[in-house]
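Order of the sequence lines fixes the chain letters, A, B, ..., with proteins taken first and strands second; residue numbering starts at 1 for each chain. Treat the numbers as computed from the prediction; the structure is a model and nothing was measured.
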Protein chains: 2
Amino acid sequence: MARASQPRSDELTLEVVELIGSVVARYHEEYEEAAAEHALTGAQAGVLNLLARHPLPMRKLAEKLKCEPSNVTGIVDRLESRGLVERRLDPNDRRVKLAAATDEGRRVASGLRGALRFAREPLAGLSDEERRTLRDLLRRMLDDTGDGHAAAG
Amino acid sequence: MARASQPRSDELTLEVVELIGSVVARYHEEYEEAAAEHALTGAQAGVLNLLARHPLPMRKLAEKLKCEPSNVTGIVDRLESRGLVERRLDPNDRRVKLAAATDEGRRVASGLRGALRFAREPLAGLSDEERRTLRDLLRRMLDDTGDGHAAAG
DNA sequence: CCAGTTATTTGACAACCTGAAATATTGAGA
DNA sequence: TCTCAATATTTCAGGTTGTCAAATAACTGG
């Protein structure tokens with residue numbers, strides 16, 4: 001509410017918006033491609049990626065994915081049926097089930113990251129200084145429009 | 001094939017990749033939100049947006065969306081049943097059907113764009129010079145990883 | 001123990017997406 | 001003209017993603 005930077009529609013701004021749209025589109029294309037190479041859907045790849053770091057309760061997984069917990073059940077089911085993920089019991093709370101990547105799951109997740117050319121190395125031709133500049137600009141972009149989404153994690 | 005900028009995994013690069021991921025996530029969230037405000041799904045909003053400019057054959061629509069034509073049939077069906085889109089015959093080729101936004105469809109598409117806060121004005125706090133810098137960096141990013149995708153449209 | 005809350009799952013249903021098959025039209029050539 | 005391959009669209013079957021409501025199980029506070 002403090003201040004609101006009136007919406008601008010000059011050519012420059014429109015072009016940047018367009019470019020961001022292209023980045024988003026490309027990111028998604030390559031993500032789906034990379035997932036498909038491992039016979040996974042985008043959603044499955046996302047979950048596997050989240051679990052590759054450490055196990056998570058179904059609830060938390062749903063929060064990260066911004067969807068209903070009942071939806072996560074199915075995705076984890078499919079990953080589990082392929083042996084990429086397993087459900088463990090939380091010793092502290094017998095209500096919760098921890099979804100955890102198996103060894104095989106971590107292996108696939110690792111291969112997945114390798115295939116994420118764009119997500120991993122979108123910055124091919126930029127120098128270190130340019131990367132720093134880009135980082136700062138992106139930070140400010142996310143901060144400024146942001147209500148805290150980006151800061152999570 | 002000239003040169004290939006070896007994959008880098010320094011902290012700076014990883015952070016930029018992370019930030020781009022956040023941008024992508026935010027873009028999608030807000031896109032879905034904006035669509036939902038008009039009782040549309042993301043896919044429907046995308047199609048409506050494409051058709052707001054000018055009619056397109058189903059085939060072209062599928063190409064733009066990078067999906068099978070048979071999929072577009074359903075999406076256009078649903079938009080048509082709401083009176084946002086109509087199918088016209090192409091006088092030049094009676095095989096093709098042109099999907100075209102109705103007046104109401106264009107009205108909704110326009111409202112949709114207004115609701116796309118992030119997509120429209122992700123740059124709230126950046127000065128003109130910073131926008132120029134961002135534009136140049138994004139251009140080079142897309143160019144360098146790119147095989148031509150970004151140049152289209 | 002009881003009531004209320006929380007975590008997960010199940011079931012019904014809609015949307016999205018693919019792939020194969022059906023239909024209609026076009027266009028090139030015998 | 002007739003025929004045949006190619007193209008545009010749709011239909012159908014089947015799988016994945018997503019929502020919502022209801023059921024089950026376990027925790028928490030009186």
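Per the geometry, CG belonging to A/Asp90 stands 17 Å off P belonging to C/dT6, to the nearest Å. Atoms CG (A/Asp77) and P (C/dG11) sit 12 Å apart, rounded to a whole Å. Computed from coordinates, the A/Leu65 CG to D/dT19 C1' distance equals 15 Å when rounded to whole Å. For B/Asn92 and C/dT25, the CG to C1' distance is 13 Å, given to the nearest whole Å. In this structure, A/Glu63 atom CD and C/dA7 atom P are separated by 8 Å, rounded to whole Å. To the nearest angstrom, C1' of D/dC27 lies 15 Å from CG of A/Leu89.
Cluster partners of A/Val96 are A/Leu98, counting Ile, Leu, Val, Met, Phe, Trp and Tyr whose side-chain heavy atoms approach within less than 4.5 Å, directly or via other members. Clustering of Ile, Leu, Val, Met, Phe, Trp and Tyr side chains at separations under 4.5 Å places B/Leu65 together with B/Leu40, B/Val47, B/Leu48, B/Leu50, B/Leu51, B/Leu56, B/Met58, B/Leu61, B/Val72, B/Ile75, B/Val76, B/Leu79, B/Leu84, B/Val85, B/Val108.
Closest heavy-atom contact between B/Asp103 and B/Arg106: OD1-NH2, 2.7 Å.
A salt bridge does not link B/Lys66 to A/Glu32: none of the charged nitrogens lies less than 4.0 Å from a carboxylate oxygen.
Remark: A/Arg82 engages no residue in a side-chain hydrogen bond (donor to acceptor under 3.5 Å, both in side chains) (not counting sequence neighbours). Applying the side-chain contact (heavy atoms from CB on, under 4.5 Å) rule to B/Arg132 yields the partners A/Leu12, B/Asp128, B/Glu129, B/Arg135; only residues at least two apart in sequence or on another chain are considered. A search for side-chain hydrogen bond (donor to acceptor under 3.5 Å, both in side chains) contacts involving A/Glu68 returns nothing, not counting sequence neighbours.
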Could I get a table of every N or O pair under 3.5 Å where one atom is in the protein and the other is in nucleotides 6-9 of chain D?
from  : atom 1 : to      : atom 2 : distance (Å)
D/dT7 : O4'    : B/Arg95 : NH1    : 3.4
D/dT7 : O2     : B/Arg95 : NH1    : 3.0
D/dA8 : OP2    : B/Arg59 : NE     : 3.2
D/dT9 : OP1    : B/Met58 : N      : 3.1
D/dT9 : OP1    : B/Lys97 : N      : 3.0
D/dT9 : OP1    : B/Lys97 : O      : 3.0
D/dT9 : OP2    : B/Arg59 : N      : 2.4

Polar atoms only, N or O, under 3.5 Å: list the protein pairs with nucleotides 13-17 of chain C and their distances.
from   : atom 1 : to      : atom 2 : distance (Å)
C/dC16 : OP1    : B/Thr41 : OG1    : 2.3
C/dC16 : OP2    : B/Arg78 : NE     : 2.7
C/dC16 : OP2    : B/Arg78 : NH2    : 2.8
C/dC17 : OP2    : B/Asn71 : ND2    : 3.1
C/dC17 : O5'    : B/Asn71 : ND2    : 3.1

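For A/Ser70 and D/dG18, a side-chain-to-base donor-acceptor distance below 3.5 Å is absent, hydrogens and geometry of angles not being considered.
Residue pairs meeting the salt bridge (Lys or Arg N to Asp or Glu O under 4.0 Å) criterion with at least one member in residues 69-79 of chain A, sequence neighbours excluded, are A/Asp77-A/Arg87. Counting only residues at least two apart or on different chains, the salt bridge (Lys or Arg N to Asp or Glu O under 4.0 Å) pairs with a member in residues 50-59 of chain B are B/Arg59-B/Glu63.
OP1 or OP2 of D/dA25 has not a single side-chain nitrogen or oxygen of A/Arg94 nearer than 4.0 Å.
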